[in-house]
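What follows is one structure encoded as structure tokens, with my remarks underneath.
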Amino acid sequence: MSLVKNVGTIGGLTAVSRVFGFIRDMLLARVLGAGLAADAWQLAFTLPNTFRRLFAEGAFSVAFVPMYSRALHGEGGEEAADRFANDVLAVFVWVLLGFSALAMLLMPGIVWLLAREYQEVPGKFELAVSLSRITFPYLMLVSLVAMLSGLLNARSRFAPGAFVPVLLNVVLIGGIVVGYYLRENVTGSDVTVAYAQSVALAFAGVTQLAYMSWATRKAGVHLKVSFPKFTPEVKRLGMLILPATFGAGVYQISQLVDTFFATSLPQGSLTLLKMADRLNQMPLGIFGIALGTAILPMLARHIQTGDAKEAQRLQSNAVEVGTLLTLPAAAALAICAPAFVTAFFVGGKMTEANGALMANIVVALVAGLPSYVLVKVFQPAFFSREDTRTPVYVAACVLTINIALNFWVVPRFGIVGLAAATAFTATLNVLTLYTLLQLRGWFHFTGKLAGRIARQLVATAVMSALLWWLTPALADHYGGNVLERVWSLALLVGAGGFVFFAVAWLIGAIDKDLIAQLRRKRPAQSVNLSE
């Protein structure tokens, strides 16, 4: 019950953020296309964003939330939790300051490591370095945001942390508008738009931190930055973060690896990869991140109390919810990729040829969508037991295979092969994690869960047959005017969603007992929300 409610809260707000993110990328595609300035901006955005997911929302959160939760629900209660949070903040701020300053100083070297081929295009390398120095302070700001989000998540207050990405996308949309105005009326250069976006990103970090600080104070938590003290708990957190950085961030590390390979391909490849990943990130962000965020503090509480049965039930529910949402999403995105790309991105400086290549990238990426989400479900089973080493070993093997595979597929299949390798290794990652969980007796697939997933696959197949027929029938409308694009996509999404959930309901792919419980619980939930 709590899992579904929390996933709904996080997923709903994340969906709002993804909608604004789509608007942002739709505008950016038309304004910049897939050229020099667009590639430089994508690299400048990738650097702080990847480190944010890797360290702040990845390693830090999976290590901090269980420890903070244990302090909060232990003998010391609020006082012990606040003391621990303040000790962590005192150290965290200075570490972030030092790391950010060092990265900005070494930025030419960092950009050279990831995109040395940019030097072959006059002005592209220098622009990427300049933009990256402007955007990198965002890492420090959003890392503090991630800490405050984790603190509130441990208190089962998920809404503020899920809302802050909305602020990011709103500010970046404003940056595109300002940049476009300046380009058309002042400079006449695409570089102006890229600089406007970079400044907007830094300002978005300030806005997000201000909002989360307010939300934290409203929740009754008062933090202050003091002289850093390396207490035993802070040292333990640091020891957990180091391996968790790799274990929780294999997807983000693979994104850096993909960036390295993408910059070696023809100009525009990095931009097309990142925009294709926007379609992949829509369900991943809504379902995967929501599940992972909600399950970690809940699972940690069950394990700390020794309730293995509830831990198994919670993970089973998370797997069932994850596959229920991602199996049809992956199939629909793969079949409808040309329709979505044409309707959302093609136009202005984004050509039809760019769109066709982007659609193929989407198909390759979404092949791993269920795996991306299930990793978010399986990893908390290790992290909640403070076992961060096992995911490290798995991630090391998977990443090594991914890099080796890239050296083979990229020269042969280009940017599409790069995306397919990412999907393959993500699947390998999740299969390995599950095998280890089962061997250790921490989680196993039951007959009931397997049967439910089998029914979900049947419903997905029926929906796929409909979309396979309907998508080409509406092909003339995806590139039409705004109204045509809206109603044609609405018809695809509406018809596919209706058929999937109707069939899923009829054949028992959806837990009807859970739905009935939610209906009976709704009045009580309304009272809690009003409080």
*Please check if the side chain of Arg455 supplies one atom and the backbone of Ile507 the other of a donor-acceptor pair under 3.5 Å.*
yes
*asked:* Taking Gly508's backbone N and O only, do any of them form a donor-acceptor pair with Arg452's side chain (distance below 3.5 Å, no angle check)?
replied: yes
*Are any side-chain N or O atoms of Thr323 and backbone N or O atoms of Glu320, one a donor and one an acceptor, separated by less than 3.5 Å?*
yes
*Would you find a donor on one side and an acceptor on the other, under 3.5 Å apart, between the side chain of Asn169 and the backbone of Ser17?*
yes
*asked:* For Lys274, is there any backbone N or O sitting under 3.5 Å from a side-chain donor or acceptor partner on Arg278?
replied: no
*Determine, stepwise, if the pair Asn354 / Phe345 fulfils side chain to side chain contact (heavy atoms under 4.5 Å, CB included).*
CA-CA 9 Å; Asn354 294 148; Phe345 299 113; over 6 Å; no
*State, with a plain yes or no, whether a side-chain heavy atom of Arg440 is found less than 4.5 Å away from one of Thr390.*
yes
*Supply the atom-to-atom distance Leu506 CG to Phe501 CZ, rounded to the nearest 0.5 angstrom.*
13.5 Å
*Shortest non-hydrogen contact from Pro370 toward Ala330*: CD-CB, 4.1 Å
*Is the Phe340 to Tyr478 ring centre distance short of 6.0 Å?*
no
*asked:* Looking at Thr422, is its backbone amide N or carbonyl O close enough to the side chain of Thr425 to form a donor-acceptor pair, meaning the two atoms are under 3.5 Å apart?
replied: yes
*Would the Phe445 and Tyr434 ring centres measure less than 6.0 Å apart?*
yes
*Taking all non-hydrogen atoms of both residues, which atom of Leu265 and which atom of Ile415 are closest, and how far apart?*
CD1-N, 3.6 Å
*Given Thr351 and Val346, is the side chain to side chain contact (heavy atoms under 4.5 Å, CB included) satisfied, shown in steps?*
CA-CA 6 Å; Thr351 66; Val346 174; over 6 Å; no
*Considering all heavy atoms of both residues, which atom of Leu201 and which atom of Pro48 are nearest to each other, and what is their separation?*
CD2-CG, 4.2 Å
*Kindly give the heavy-atom pair with the smallest separation between Ala359 and Ala337, and that separation in Å.*
O-CB, 3.7 Å
*Give the C-alpha distance, both sets of side-chain angles, the deciding distance and a yes or no for side chain to side chain donor-acceptor pair (under 3.5 Å) between Ser316 and Gln312.*
CA-CA 6 Å; Ser316 294; Gln312 164 72 25; 3.1 Å; yes
*CZ of Phe424: more than 12 outside heavy atoms within 6.0 angstrom?*
no
*Supply the atom-to-atom distance Cys336 SG to Leu470 CG, rounded to the nearest 0.5 angstrom.*
8.0 Å
*In Å and rounded to the nearest 0.5 Å, what is the CZ to CG distance from Phe500 to Leu327?*
7.0 Å
*Would you say Gln42's side chain and Thr271's backbone share a donor-acceptor pair under 3.5 angstrom?*
no
*asked:* How close do Leu405 and Ala421 get, counting heavy atoms only, and between which atoms?
replied: CD2-CB, 3.8 Å
*Arg485 (side chain) donor-acceptor with Ala343 (main chain) under 3.5 angstrom*: yes
_Inter-residue atom distance Leu47.CG - Leu256.CG, 0.5 Å rounding_ = 7.0 Å
*Kindly indicate, with the supporting measurements, whether the criterion side chain to side chain contact (heavy atoms under 4.5 Å, CB included) is fulfilled by Asp258 and Asn406.*
CA-CA 8 Å; Asp258 288 352; Asn406 283 340; 3.8 Å; yes
_Is it the case that the side chain of Gln456 and the backbone of Leu324 share a donor-acceptor pair, with hydrogens and angles ignored and the cut-off at 3.5 Å?_
yes
_Please report the interatomic distance NE2(His477) to CG(Leu483), rounded to the nearest 0.5 Å._
11.0 Å
*Do other residues, nucleotides or ligands put more than 12 heavy atoms under 6.0 Å from the CZ atom of Phe22?*
yes
_Side-chain heavy atoms of Arg24 within contact of Val170, under 4.5 Å_ = no
*Is Thr432 close to Cys397 at the side-chain level, that is, under 4.5 Å between some pair of heavy atoms?*
no
_Note, Leu489 side chain near Leu474 side chain (heavy atom, < 4.5 Å)_ = no
*Hey, what do you get for CG (Leu399) to CG (Asn429), rounding to the nearest 0.5 Å?*
10.0 Å
*Can you find a heavy atom in the side chain of Leu28 that is under 4.5 Å from one in the side chain of Leu172?*
no
*Out of Val375, Val430, Leu436, which residue meets the side-chain contact (heavy atoms from CB on, under 4.5 Å) rule with Val394?*
Leu436
*asked:* For Trp41 together with Phe45, are the ring centres under 6.0 Å from each other?
replied: yes
*asked:* Between Tyr211 and Leu167, is there a side-chain heavy-atom distance shorter than 4.5 Å?
replied: yes
*asked:* Run Met147 and Thr216 through side chain to side chain contact (heavy atoms under 4.5 Å, CB included) and show every step you take.
replied: CA-CA 11 Å; Met147 177 185 172; Thr216 304; over 6 Å; no
_Quick check: do Leu418 and Val409 have side-chain heavy atoms less than 4.5 Å from each other?_
no
*asked:* Tell me whether the count of non-hydrogen atoms from other residues, nucleotides or ligands lying under 6.0 Å of CH2 in Trp487 goes above 12.
replied: yes
*Verify, without hydrogens or angle tests, whether Asp277 (side chain) and Asn280 (backbone) share a donor-acceptor contact under 3.5 angstrom.*
no
*List the atom of Thr427, the atom of Ser371, and the distance in Å for their closest heavy-atom pair.*
OG1-OG, 3.0 Å
*Is there side-chain contact between Pro160 and Val164, with heavy atoms separated by less than 4.5 Å?*
no
